[in-house]
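Just so you know, these numbers use all the heavy atoms, side chains as well, and skip hydrogens, waters and symmetry mates.
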2 protein chains.
Amino acid sequence: MGYTISQVAKKFDLTAHTIRYYDKEGLLPFVDRSKTGNREFSDDDLDWIKLICCLKNTGMPIRQIKQYIEWCLLGDETLEIRRQMFIDHRKEVLRQMEDLKENLKMIDHKLKCYDKSCNISPNTKQLHSL
Amino acid sequence: MGYTISQVAKKFDLTAHTIRYYDKEGLLPFVDRSKTGNREFSDDDLDWIKLICCLKNTGMPIRQIKQYIEWCLLGDETLEIRRQMFIDHRKEVLRQMEDLKENLKMIDHKLKCYDKSCNISPNTKQLHSL
DNA sequence: ATAAACCTTAGAGTCTACTCTAAGTCAAGT
DNA sequence: ACTTGACTTAGAGTAGACTCTAAGGTTTAT
């Protein structure tokens, strides 16, 4: 049967506008159309979109995601370069996690200062960390 | 003595343009000027900028950072609201870390598939995870 | 004294990623 | 038959965060 654009939008917390934008940018060349020209998303398509969202949410720019999709369409010839892309991107994500950890330290430090200034006891403090 | 704008830029891996932009947006109302009108950054100013970068790098929009700076200028009256801001932002950072962790899982899974497709042995694989 | 290397401002331009609008097609319900 | 509510397109507009330009001031070295 397949899913409509608004069903997919809801599933991935996107808008139909955004999905059409991704399609226009070349991120969804695999999506089929119904006789009336409407996009019809298969379960496989949902997997692609899931991966696209993963890459997007880890900071990969749309044109690089497009590059990846293009490599996928080219077949086995591009397996090694795609693998390398994931190796590099993995490193980048680990870097982001490290950065967040560092920044969290500073926020926790600031919060400790504010708890002191506001005369919040450690006990009360536990309430808002839940 | 104090630091010049380009010294501060280098220190925080920003450009002088960006620092002036932050100033124009109201993020640096505390920075003094020399007799000739140049910005002169103190060590205290560097601490402020460090915090601003921390908030910016954890996804806080500039106008919210500006709001925070304004609250700071108002004094103790705003202590509680500033503390609440940090509590909320901390939650947001934890959420980002969770999201990254989830996305990393998917990237690792993809990578495993690519290692298989490229006939990479687990031993060889260890090389690129270093 | 004049060039180099800083700094200043206002304001224009750019990039990314949407976000929306207008005009239109199609299928289903009353 | 006609309204409602999906969907379609091309293309314009927006938001955020820079990024750069032009025109000019000051300090330092030759």
Between [atom2] of [N] and [atom1] of [X], the distance in whole Å:
{"X": "B/Leu55", "N": "D/dG16", "atom1": "CG", "atom2": "C1'", "answer": "17 Å"}
{"X": "B/Gln64", "N": "D/dG16", "atom1": "CD", "atom2": "P", "answer": "12 Å"}
{"X": "B/Tyr22", "N": "D/dG16", "atom1": "OH", "atom2": "P", "answer": "14 Å"}
{"X": "B/Lys66", "N": "D/dA17", "atom1": "NZ", "atom2": "C1'", "answer": "15 Å"}
{"X": "B/Leu28", "N": "D/dC18", "atom1": "CG", "atom2": "P", "answer": "12 Å"}
{"X": "B/Glu40", "N": "D/dT27", "atom1": "CD", "atom2": "P", "answer": "12 Å"}
{"X": "A/Ile19", "N": "D/dA6", "atom1": "CD1", "atom2": "P", "answer": "15 Å"}
{"X": "B/Asn57", "N": "D/dG16", "atom1": "CG", "atom2": "C1'", "answer": "15 Å"}

Please tabulate, one pair per line, each protein N/O and nucleotide N/O from nucleotides 1-5 of chain D that are separated by under 3.5 Å, including the distance.
none

Among all residues two or more places apart in sequence or in another chain, which pass the side-chain contact (heavy atoms from CB on, under 4.5 Å) test with [X]?
{"X": "A/Gln84", "result": "A/Glu80, A/Ile87, A/Asp88"}
{"X": "B/Asp13", "result": "none"}
{"X": "A/Leu46", "result": "A/Tyr3, A/Val8, A/Lys11, A/Phe12, A/Phe41, A/Asp43"}
{"X": "A/Asp99", "result": "A/Arg95"}

For A/Lys105, salt bridge (charged side-chain N to carboxylate O under 4.0 Å, His left out) partners two or more places apart: A/Glu102
Residue pairs fulfilling ring-ring contact (aromatic ring centres under 6.0 Å, His included) with at least one residue in residues 44-64 of chain A, sequence neighbours excluded: A/Phe30-A/Trp48
Where at least one partner belongs to residues 61-85 of chain A, residue pairs that pass ring-ring contact (aromatic ring centres under 6.0 Å, His included), sequence neighbours excluded: A/Tyr68-A/Phe86
Ionic contact status for A/Arg33 with A/Asp23, cut-off 4.0 Å: yes
Could you go through nucleotides 14-16 of chain C and list every protein N or O atom that sits under 3.5 Å from one of its N or O atoms, giving the distance for each pair?
from	atom 1	to	atom 2	distance (Å)
C/dT16	OP1	A/Arg63	NH1	3.1

Per-nucleotide protein contact string for nucleotides 2-13 of chain C (B base, S sugar-phosphate only, - none; heavy atom under 4.0 Å): ----SSBB-B--
Sequence-distant partners of B/Arg82, side-chain hydrogen bond (donor to acceptor under 3.5 Å, both in side chains), two or more places apart: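 Only A/Tyr114, B/Thr78 meet the side-chain hydrogen bond (donor to acceptor under 3.5 Å, both in side chains) criterion with B/Arg82.
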Minimal non-hydrogen separation, B/Gly26 against B/Ile69, with atom names: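 Looking at all heavy atoms of both residues, the shortest contact is O-CG2, 4.1 Å.
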Using residues 54-63 of chain B as the side-chain source, report each donor-acceptor pair under 3.5 Å to any protein atom, sequence neighbours left out, with the distance given to one decimal.
from	atom 1	to	atom 2	distance (Å)
B/Lys56	NZ	B/Tyr22	OH	3.4
B/Asn57	ND2	B/Cys53	O	3.1
B/Thr58	OG1	B/Cys54	O	2.8
B/Thr58	OG1	B/Leu55	O	3.0
B/Thr58	OG1	B/His89	NE2	2.7

